[in-house]
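One structure is given here, and the rest of the page talks about it.
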Amino acid sequence: MPNTIQRKSFSIGARVSVTPGGGWKQSFMGTVCDGPESVDTLKGPGYFYWVEFDEPQEDINGPDRYRKAQILSCYLEHAI
């Protein structure tokens, strides 16, 4: 079976949880603020979404903190 990326759909304004596997030091909450942008990854086609964070976040490279970033959909979960 080929190694494929899980493509998820989110609407603008959707509340999401960002998982740390996408290059972030921890999980956190945010809001989708722009529509999807398709991208080819090593695991196949996927989507990037711009997400505005509830609080500034540090990526794994640190020490800069970000308020918004493009996140690959496989690292997003619908907030409950």
Side-chain angles (χ1 to χ4, degrees):
M1 175 180 240
N3 193 9
T4 60
I5 194 166
Q6 182 181 2
R7 296 189 319 175
K8 302 174 190 174
S9 295
F10 301 90
S11 57
I12 295 172
R15 295 285 297 149
V16 293
S17 172
V18 180
T19 63
W24 301 96
K25 289 190 175 182
Q26 62 184 7
S27 294
F28 55 90
M29 301 295 293
T31 303
V32 173
C33 57
D34 203 357
E37 180 181 320
S38 66
V39 62
D40 288 326
T41 73
L42 294 174
K43 295 182 178 183
Y47 295 108
F48 272 121
Y49 287 89
W50 277 101
V51 176
E52 188 171 339
F53 309 150
D54 289 356
E55 298 179 14
Q57 297 297 320
E58 191 173 317
D59 66 13
I60 58 174
N61 296 319
D64 296 329
R65 295 177 69 77
Y66 300 89
R67 301 245 350 118
K68 179 174 149 178
Q70 271 190 316
I71 310 286
L72 198 56
S73 65
C74 65
Y75 298 112
L76 298 175
E77 296 292 336
H78 288 280
I80 299 173

Sub-6.0 Å ring centroid separation between Phe28 and Phe53: yes
Closest contact, heavy atoms only, Pro56 versus Arg65: O-NH2, 2.8 Å
Residues which pass side-chain contact (heavy atoms from CB on, under 4.5 Å) with Gln70, listed by chain and number, not counting sequence neighbours: Glu37, Phe48, Trp50
Nearest heavy-atom neighbours spanning Tyr47 and Pro36: CD2-CB, 3.8 Å
Donor-acceptor pair, side chain of His78 and main chain of Ser9, under 3.5 angstrom: yes
Common cluster, Val39/Tyr49, ILVMFWY with side-chain heavy-atom separation under 4.5 Å: yes
Non-hydrogen side-chain atoms of Glu55 and Met29 separated by less than 4.5 Å: no
Distance-only donor-acceptor pairs under 3.5 Å for side chains of residues 12-27, two or more places apart:
from	atom 1	to	atom 2	distance (Å)
Arg15	NH1	Gly30	O	3.2
Arg15	NH1	Thr31	OG1	2.9
Arg15	NH1	Asp54	OD1	2.9
Arg15	NH2	Asp54	OD2	2.8
Thr19	OG1	Tyr75	O	3.3
Lys25	NZ	Glu58	OE2	2.5
Gln26	NE2	Gln57	OE1	3.1

Interatomic spacing from CZ in Phe10 to CG in Asp34 - rounded to 0.5 Å: 14.5 Å
